[in-house]
Amino acid sequence: HAVIQFRYVEKKNEFGDRIGKVKPYLLDLESANGTFLNGERIEESRFIEIRDKDLIKFGESTREYVVMLPPKE
């Protein structure tokens with residue numbers, strides 16, 4: 001139906017230093033009833049970054065899942 005993938009993302013700051021962190025992404029696997037992020041159906045086969053307190057719902061299920069990420073350092 002869908003997958004949550006954690007990716008290491010790296011950026012450079014104003015001094016040219018590389019700063020990286022791991023971020024979660026949601027991907028709908030072309031499911032028949034879709035995947036919803038905060039009440040909106042996400043596009044199929046496209047990674048969408050998910051953030052703390054986002055709400056995920058799979059298809060017509062009545063279950064909803066709240067994303068709980070660790071606090072920022």
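Treat the numbers as computed from the prediction; the structure is a model and nothing was measured.
- The line from CG of Leu37 to CD of Glu43 is 13.0 Å long, rounded to the nearest 0.5 Å.
- Across Ile42, Leu29, Val3, Leu27, a single residue satisfies side chain to side chain contact (heavy atoms under 4.5 Å, CB included) together with Thr35, and that is Ile42.
- In this structure, Glu14 has no side chain to side chain contact (heavy atoms under 4.5 Å, CB included) partners at least two apart in sequence or on a different chain.
- Contact between Pro24 and Leu69 at its shortest, heavy atoms only, is CG-CD2, 4.0 Å.
- Nearest heavy atoms, Ser45 versus Glu30: OG-OE2, 3.0 Å.
- When each of Ile48, Ile50, Val9 is checked for a side chain to side chain contact (heavy atoms under 4.5 Å, CB included) with Tyr25, only Val9 meets the rule.
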Enumerate donor-acceptor pairs with a distance under 3.5 Å from any side-chain N or O in residues 57-68 to protein atoms, sequence neighbours excluded.
residue	atom	partner	partner atom	Å
Ser61	OG	Arg63	N	3.1

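- Shown here is Glu40, whose CD atom has no more than 12 heavy atoms of other residues, nucleotides or ligands within 6.0 Å.
- Cation-pi geometry between Arg7 and Phe47 is satisfied (NZ or CZ under 6.0 Å from the ring centre, within 45° of the ring normal).
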Margin query: As a quick check of understanding, evaluate side-chain contact (heavy atoms from CB on, under 4.5 Å) for Ile19 and Lys12, giving each step before the final call.
Written below: CA-CA 6 Å; Ile19 298 178; Lys12 288 187 180 181; over 6 Å; no
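- Here Arg46 does not pair with Glu44 in a salt bridge; the nearest charged N to carboxylate O distance is not below 4.0 Å.
- Between the side chain of His1 and the backbone N or O of Gly34, at least one donor-acceptor pair lies under 3.5 Å.
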